[in-house]
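Since we're looking at a predicted model, the values are computed, not measured. For the single chain, residues carry numbers from 1 onward in sequence order.
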Amino acid sequence: MAGTVAVYAGSFDPLTLGHLDIIRRGAGIFERVVVAVGTNAAKRYLLDPGRRMDVIRESTQDLPNVEVAQFQDLLVDFCRRIGAGVILRGLRAVTDFEFEFQIGLANRDMAPAIETVFLLPAPRYIFISSSLVKEIFLYGGDVRPYVPDATFRALVEARDRAGRG
Ligand code: ADP
């Protein structure tokens, strides 16, 4: 969509192949996709924001119209600030629907000019979530089928650092 900037926001703690699938699909539709990494001071993250952003940058190197940014404000305010007209979201299953529907309508209420667009991932990614990946990894399972290489390296690094600390 010529001229349309889409924002794909989330924690990305860490980036999964499900997220990457949505980013790729979005990059094929919109002129620019800004992947916005949320930094909510009240949340505990496994990877710090800089590391999460590096992982996304590394994993989207082949997509020239994808950028990575950090945001702390209300998502619609961030969108207005950077001139984005679309909020991109991924829908995995019915379990995502209620939450996504609620925040989608709230965002529209606050910012009627911004449209929320939902994309479906490939079926093989539907069960993947950041929290599931973290849980499998922390218990010693192999998460490589679910994450890009850069995520796997960041997880190993975080574990090694925690082990030393
Ligand atoms: P948060 O941690 O803020 O809930 P996430 O990083 O988990 O955010 O997700 C951000 C967006 O990516 C959401 O729209 C979510 O539905 C979508 N998403 C997460 N995992 C997948 C997946 N496996 N397939 C498709 N979309 C996904």
Side-chain angles (χ1 to χ4, degrees), residues 1-134 146-148 150-151 154:
M1 245 169 268
T4 305
V5 179
V7 166
Y8 181 47
S11 306
F12 306 108
D13 186 43
L15 181 77
T16 69
L17 289 179
H19 293 133
L20 198 55
D21 182 88
I22 299 296
I23 295 170
R24 279 188 192 289
R25 289 173 198 279
I29 299 173
F30 301 106
E31 181 150 311
R32 275 167 62 210
V33 172
V34 177
V35 183
V37 176
T39 49
N40 178 343
K43 270 197 189 176
R44 262 184 63 91
Y45 298 107
L46 181 64
L47 303 178
D48 64 44
R51 198 69 189 92
R52 283 182 269 147
M53 291 171 76
D54 287 344
V55 166
I56 301 167
R57 265 188 218 108
E58 232 182 294
S59 310
T60 57
Q61 263 171 3
D62 61 320
L63 301 169
N65 59 339
V66 172
E67 295 156 41
V68 186
Q70 197 173 340
F71 80 108
Q72 276 162 328
D73 38 358
L74 201 58
L75 183 58
V76 289
D77 288 340
F78 175 76
C79 291
R80 285 193 189 114
R81 192 146 50 81
I82 66 162
V86 165
I87 294 173
L88 186 61
R89 301 291 296 174
L91 262 193
R92 282 167 289 195
V94 277
T95 45
D96 273 346
F97 181 78
E98 201 172 315
F99 175 72
E100 293 291 342
F101 192 66
Q102 189 181 21
I103 56 167
L105 287 178
N107 284 334
R108 179 190 280 164
D109 202 53
M110 293 183 282
I114 300 174
E115 288 292 351
T116 298
V117 173
F118 295 100
L119 294 181
L120 305 177
R124 65 184 177 282
Y125 299 136
I126 279 178
F127 66 94
I128 303 174
S129 69
S130 295
S131 48
L132 188 71
V133 162
K134 280 186 279 197
Y146 315 128
V147 298
T151 294

What pair of heavy atoms forms the shortest contact from [X] to [Y], and how long is it?
X: A36; Y: F12; value: O-CE1, 3.5 Å
X: I114; Y: A84; value: CG1-O, 4.0 Å
X: P148; Y: S59; value: CB-OG, 3.6 Å

Return the [atom1] to [atom2] distance between [X] and [Y], rounded to the nearest 0.5 Å.
X: L17; Y: I22; atom1: CG; atom2: CD1; result: 12.0 Å
X: L46; Y: R44; atom1: CG; atom2: CZ; result: 9.0 Å
X: L47; Y: D54; atom1: CG; atom2: CG; result: 10.0 Å
X: M53; Y: Q70; atom1: CE; atom2: CD; result: 5.0 Å

Verify, without hydrogens or angle tests, whether [X] (side chain) and [Y] (backbone) share a donor-acceptor contact under 3.5 angstrom.
X: D13; Y: Y45; value: no
X: R52; Y: S11; value: yes
X: T60; Y: L63; value: no
X: N107; Y: T116; value: no
X: S130; Y: P14; value: yes

For E100, all residues meeting side chain to side chain contact (heavy atoms under 4.5 Å, CB included), sequence neighbours excluded: R89, L91, D96, I103, F118
How about F127 and Y146: are their ring centres within less than 6.0 Å of each other? yes
Near R80 CZ, under 6.0 Å, is it more than 12 heavy atoms from other residues, nucleotides or ligands? yes
Determine whether I56 and E58 satisfy the following criterion, side chain to side chain contact (heavy atoms under 4.5 Å, CB included), listing intermediate values before the conclusion. CA-CA 5 Å; I56 301 167; E58 232 182 294; over 6 Å; no
Output yes when R24 and D21 qualify as a salt bridge under the 4.0 Å nitrogen-oxygen rule, no when they do not. no
